[in-house]
Amino acid sequence: MSAADALAVRRPRMVSSRFLRSELRLIFRRRRNLAGLLVLAGVPVLISVSVKLSGGSGGGPDFFSSITDNGLFVALASLTLELGLFLPLAVAVISGDSVAGEANIGTLRYLLTVPVQRSRMLAVKYAAIVIFSLVATFTVTGTGLVMGLALFGGGPMTLLSGTQTSFADGLLRVVAASIYLGLCIASLGAVGLFVSTLTEQPVAAMIAVVIFSTASFILDTIPQVAWLHPFLITHNWFTFGDLFRDPVAWHGVVHGTYVAAAYALVFWLAGWARLMAKDITS
Amino acid sequence: MNVFQHRPTLRWTVPLVVAAVLGAGGSAVGVIAATARDGLPHRSAPQLLVDVQKARLDGLSGTIVENADLGLPSLPGIASGGGGSGSGSSDMTSLVSGSHTMRLWYAGPNRMRVSLLGTLGESDLVRNGKDLWIWSSAKKSAVHRTVPTTGADRPDSLAAMSPMTPQRAADAALAALTPTTKVSVDGTAVVAGRSAYELLLRPRDSRSLVESVRIAVDAKTHVPTRVQVFADNASKPAIEVGFTSFDPSQPAASVFAFRVPPHTKVTQAGRPEIPGSPKVGAEQHQAHPRTGRRPGGEPRIVGKGWTSVVVAQVPPGATAGAGSLIRMLAVLPKVSGAWGSGVLLRSALFSAVLTHDGRVAVGAVRPGELYRALGRR
């Protein structure tokens with residue numbers, strides 16, 4: 001590295017967003033990724049229109065019965081539905097593709113001759129995954145809010161505890177829940193980034209990530225392995241509902257953030273350990 | 001970096017070490033708290049019992065976690081929670097199995113609130129003066145009752161609370177303290193990060209399915225903060241109710257204010273009912289011998305103490321129309337003997353027999369004792 005640095009005419013700035021910007025361009029200009037975001041946005045549209053057409057006759061999964069009272073619940077109902085498969089799938093596609101995809105089409109070696117340190121490349125790729133996770137979550141929330149407010153209106157929000165809070169407070173809680181869920185699925189993205197360094201087949205990495213999150217969901221429902229539950233990546237995802245209690249029950253959300261940060265750090269380091277030793281041939 | 005260049009496999013130790021450190025991060029807090037528990041002055045069992053009787057709190061807010069592992073067979077219609085074990089359900093009837101989290105606020109006998117937290121739902125029981133509200137977020141319904149207020153705003157013992165709070169469970173267990181039980185103080189514990197004495201109750205009768213009951217008594221406030229019921233030959237408690245956070249200060253008044261949100265079904269309940277009338281669990285039911293009841297259709301107690309068996313007559317036609325009950329009974333094993341025949345429900349802590357001629361026998365004993373009780377007419 002030092003030889004390459006000395007040869008460079010202009011030493012690159014320590015902090016430059018150029019690499020990150022090019023990563024983000026790669027992600028958000030791919031047509032398949034935009035189609036994926038469109039699917040994520042489709043669920044709140046589907047929910048709000050079908051509830052509106054049916055006249056909102058109660059029932060349905062969590063948060064559904066409240067949709068007709070307040071449009072904010074369209075966003076929450078959509079997040080609840082998509083958290084099981086669509087959101088993990090979206091982040092699996094992006095993260096599984098991040099290193100393996102470049103290796104597969106043979107651009108990884110050119111990327112590393114730029115010159116860019118491998119650890120920096122991994123850091124930038126993960127930063128792009130985190131940004132995509134937040135964008136994906138807010139695509140769901142944003143579409144849900146627009147559709148919900150247009151079809152059902154806003155107003156004070158009834159919390160799970162039966163107390164009412166102002167619209168602004170309700171909106172703030174929805175945004176907080178979206179950030180929390182964005183960080184949760186971003187931790188799954190770290191797992192994907194690691195798996196992506198193991199293989200040159202992006203599809204294999206994507207499938208592995210979906211298997212990982214689904215296995216985690218399944219283990220979470222088996223009472224015989226209750227000791228394992230606090231360590232599972234998905235265990236605290238649905239505790240975003242605790243933000244809608246009065247007063248807010250922070251414990252689950254704090255634990256969930258800790259677990260997400262721990263998964264992100266451990267799997268990023270595992271990806272680093274793998275990539276530093278890897279022979280990049282393609 | 002040099003070390004890593006010579007020994008590339010060493011790099012893998014970095015994520016492994018970080019994983020171990022972060023994984024142990026949560027339990028490290030417990031280790032620090034555990035060292036703080038030494039240095040509690042010795043307290044004998046009678047002293048501790050008096051302390052508990054005298055415990056008075058001005059206010060309290062905390063989180064209670066309840067774990068029930070009764071070893072019940074899975075029955076259709078019971079504990080219809082998300083994962084089939086009743087965990088994470090905010091339905092009050094799901095408490096018999098799985099793990100549940102409750103939040104509790106208390107500011108005197110006339111103001112309290114218990115919230116049963118479901119995954120994305122909540123059931124609340126709010127008492128504010130003479131108003132008692134039961135709210136369910138899943139059903140979007142509220143039940144209102146008018147209840148008589150008890151005396152002045154004098155802070156009372158926690159006794160008048162929801163059935164499954166530690167105080168209530170401990171009171172019921174302490175009421176059963178008769179010569180049938182060995183009572184001792186068995187070391188100390190840390191509950192909700194606070195030092196506590198542990199009161200150990202052991203049935204003298206070895207035929208009881210209850211091996212021991214451990215009650216943790218907070219060292220500062222003398223409020224029971226955890227109750228564990230151990231079944232025979234079990235290392236893990238069959239029932240555990242304990243605080244995971246405990247703050248003995250007056251909660252904000254806004255916590256007890258309940259206003260019915262719009263679009264809610266409101267039911268006005270007729271008969272006033274004090275929340276938390278003593279009904280804790282099967283093992284405590286039989287520990288309160290109900291005397292003065294006339295024999296015949298009323299329940300009768302066979303035996304005494306921990307091994308007493310309640311034998312009762314099921315009113316004819318009680319099971320008619322209850323389709324789920326019929327289905328439930330159909331999956332239970334059939335048993336028969338000199339006493340007759342019926343179906344048997346076994347769990348770690350109690351057994352129950354429903355005979356085909358309409359008698360039911362329940363006790364914290366093995367089925368053999370039930371058959372003996374049924375045989376004694």
Side-chain angles (χ1 to χ4, degrees), chain A residues 1 56 58 61-63 65-66 68-70 76-77 80 119 155-165 194 218 220-224 226 229-231 237-242 244-247 249 251-252 255 258-259 261-263 265-278, chain B residues 1 4-5 8-19 21-23 25-26 61 63 67 69 82-88 90 97-99 101 103 105 113 115 117-122 124 126 133 135-140 142 244-245 251-252 254-255 257-264:
Chain A
M1 273 302 143
D62 297 293
F63 293 127
S65 55
S66 305
T68 47
D69 303 344
N70 196 322
L76 293 180
T80 311
S119 53
M157 183 190 204
T158 303
L159 299 174
L160 291 177
S161 309
T163 40
Q164 280 219 311
T165 186
F194 167 60
I218 292 172
D220 208 19
T221 62
I222 301 177
Q224 279 75 15
H229 290 175
F231 299 97
W237 286 8
F238 283 98
T239 56
F240 79 90
D242 287 359
F244 298 90
R245 304 187 196 283
D246 181 47
H251 180 263
H255 184 240
Y258 178 84
V259 169
Y263 265 92
L265 187 60
V266 168
F267 277 93
W268 187 87
L269 285 171
W272 166 82
R274 163 71 184 156
L275 196 69
M276 295 304 266
K278 191 180 182 181
Chain B
M1 280 296 169
F4 291 142
Q5 265 153 19
T9 46
L10 268 185
R11 288 199 190 94
W12 288 98
T13 58
V14 179
L16 290 176
V17 166
V18 169
V21 168
L22 289 176
S61 46
T63 308
N67 280 299
D69 182 14
S85 66
S87 294
S90 67
S97 74
S99 173
T101 306
R103 292 208 286 172
W105 294 270
R113 176 174 149 196
S115 304
L117 308 187
T119 306
L120 293 172
E122 185 170 322
D124 280 67
V126 188
W133 290 97
W135 154 262
S136 160
S137 75
K139 297 183 194 128
K140 296 199 74 187
T244 54
S245 86
S254 61
V255 165
F258 184 82
R259 270 179 230 95
V260 183
H263 313 290
T264 304

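Quick caveat: nothing in here was measured; it's all calculated off a predicted structure.
- Smallest separation of non-hydrogen atoms from A:Thr158 and B:Pro261: CG2-CB, 3.4 Å.
- A:Trp272 is listed as a side-chain neighbour of B:Val14, based on a closest heavy-atom distance under 4.5 Å.
- Proximity to chain B is absent for every atom of A:Ile222, based on heavy atoms less than 4.5 angstrom apart.
- Looking at A:Ser66, the atoms closer than 4.5 Å to chain B (heavy atoms on both sides) sit in the backbone and in the side chain alike.
- Distance check: A:Trp237 CH2 to B:Thr119 OG1 gives 15.5 Å after rounding to the nearest 0.5 Å.
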- B:Glu122/A:Phe244 under side-chain contact (heavy atoms from CB on, under 4.5 Å): CA gap, chis, key distance, verdict: CA-CA 10 Å; B:Glu122 185 170 322; A:Phe244 298 90; over 6 Å; no
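- Ranking A:Gly252, A:Ala249, A:Pro156, A:Ala277 against chain B, the residue ahead of the rest is A:Ala249, based on heavy-atom pairs under 4.5 Å.
- For the atom pair OG1 of B:Thr244 and NE2 of A:His251, the computed distance is 6.5 Å after rounding to the nearest 0.5 Å.
- Looking at A:Ala226, there are no atoms closer than 4.5 Å to chain B (heavy atoms on both sides), in backbone or side chain.
- Of the two parts of A:Phe231, only the side chain, counted from C-beta on, holds a non-hydrogen atom closer than 4.5 Å to a non-hydrogen atom of chain B.
- The two residues B:Lys140 and A:Ser65 make their nearest non-hydrogen contact at CD-OG, 3.8 Å.
- Contact of B:Ala257 with chain A is made through the backbone alone, with heavy-atom distances under 4.5 Å.
- For the residue pair A:Asp246 and B:Arg113, the shortest heavy atom distance occurs at O-NH2, 2.8 Å.
- The minimum heavy-atom distance linking B:Leu120 with A:Leu160 is given by the pair O-CD2, 3.7 Å.
- A donor-acceptor distance shorter than 3.5 angstrom exists from the side chain of A:Arg245 to the backbone of B:Gly121, with no hydrogens or angles considered.
- Only the side chain of B:Trp135 comes within less than 4.5 Å of a heavy atom of chain A; its backbone N, CA, C and O stay farther away.
- By number of non-hydrogen pairs under 4.5 angstrom with chain B, the leading residue of A:Leu269, A:Thr80, A:Asp242, A:Leu265 is A:Leu269.
- Across every non-hydrogen atom of B:Trp105 and A:Pro247, the tightest pair is CZ2-CD, 3.6 Å.
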